[in-house]
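Just follow the structure's listing: the first ligand is 1, and inside any ligand the first atom is 1.
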Amino acid sequence: MERPETVSMLTTGLIRVIAPNPSPMTYWGTNSYILGTGAARVLIDPGPKDSQHQQAMLNALPHGTVISHILVTHAHKDHSGGAQDLAQATGAKVLAFGDARSGRSEVMTQLAATTQMGGGEGVDMTFEPDVLLKDGQQIETPAGPITALHTPGHMGNHLCFAWNNCLFSGDLIMGWSSSLISPPDGDAAAFRDSCHKLLMRPDTPLFAGHGAPVESGHARINALLVHRAKREQQILQALEYKSMDLKTLTKAVYGNLESFTLKAAARNTLAHLIDLKEQSKIEATPNLHESAVFSLAENKV
Ligand SMILES: [Zn+2]
């Protein structure tokens, strides 16, 4: 992975500032984007709470320009953590779908309330937007109109933002990796629906929350859908052989991984299992839980 310059001009009216938080989950760090060409600019994803990154964003503003809107794709600390400090420093309002628990599907709300699902990695429980955005809402900004698209899957409150001829895809669709889907925030069925929703829109380049721009959004979304369908098949095939707990199943599907990656893989596997259970293709004993034993549903054997 070659980390580009911290600040770069990607196209006319689009500046990317990379936060100093590289890791196996965040690639070269979180991308914060500054949009517009006028005296007031729009910022997408303030990134982690980090004074060095905040200064870098403010320094990246062309002389005499200010930030008028702070848009947040989702309430993970590496995207929303710096929102409050930046809002205070600039006077700009923070706009997002809702707090960390908003936008969850019914099944995930239920699972989160009744069972121990684990998960919650990096969730910013303190995140409180000033303005709540609805699916399909158009925001009039000095950088021009921006459309908010509710796109759960990676997280319930995830928004993508459509602007000019491009889409800011947050952590839902990225070029460098498939996204982590960790229940109860991550939801495999919602991920699929969000992908199809984006495929109904014109194909545009993507600017993701981590990593390089993606030239064709549709090609990348289709590749990710194929990848998920393949994983689902692998899980069903493994369970055809015998019933397994989450750890054994993850190893059977993903092979030998380092412990950190294995943990993330297990979260993705659990997301698939919940989805398959919802479709009545598998059973969980004694009930749907991260330490359950999973087997093919009777009618599948
Ligand atoms: Zn995230």
Item to check | Pair H158 and H76, ring centroids less than 6.0 Å apart | outcome: no
Item to check | side chain to side chain contact (heavy atoms under 4.5 Å, CB included) assessment of R104 paired with D187 | outcome: CA-CA 8 Å; R104 278 181 184 166; D187 182 327; over 6 Å; no
Checklist entry - In degrees, rounded to 10 degrees, what angle do H154 atom NE2 and H76 atom ND1 make at the Zn ion (ligand 1)? => result 90°
Checklist entry - Under the ring pair (Phe, Tyr, Trp, His ring centres under 6.0 Å) test, which residues partner F97, sequence neighbours left out? => result H150
Checklist entry - Does the shortest distance from the Zn ion (ligand 1) to an N/O/S atom of H158 fall below 2.8 Å? => result no
Item to check | Residue D78, metal the Zn ion (ligand 1), N/O/S under 2.8 Å | outcome: no
Checklist entry - Looking only at atom types and distance, does a side-chain atom of D99 sit under 3.5 Å from a main-chain N or O of S102, one as donor and one as acceptor? => result yes
Checklist outcome for this item: Checking distances from the Zn ion (ligand 1), one finds that the N, O or S atom of D171 closest to it is OD2
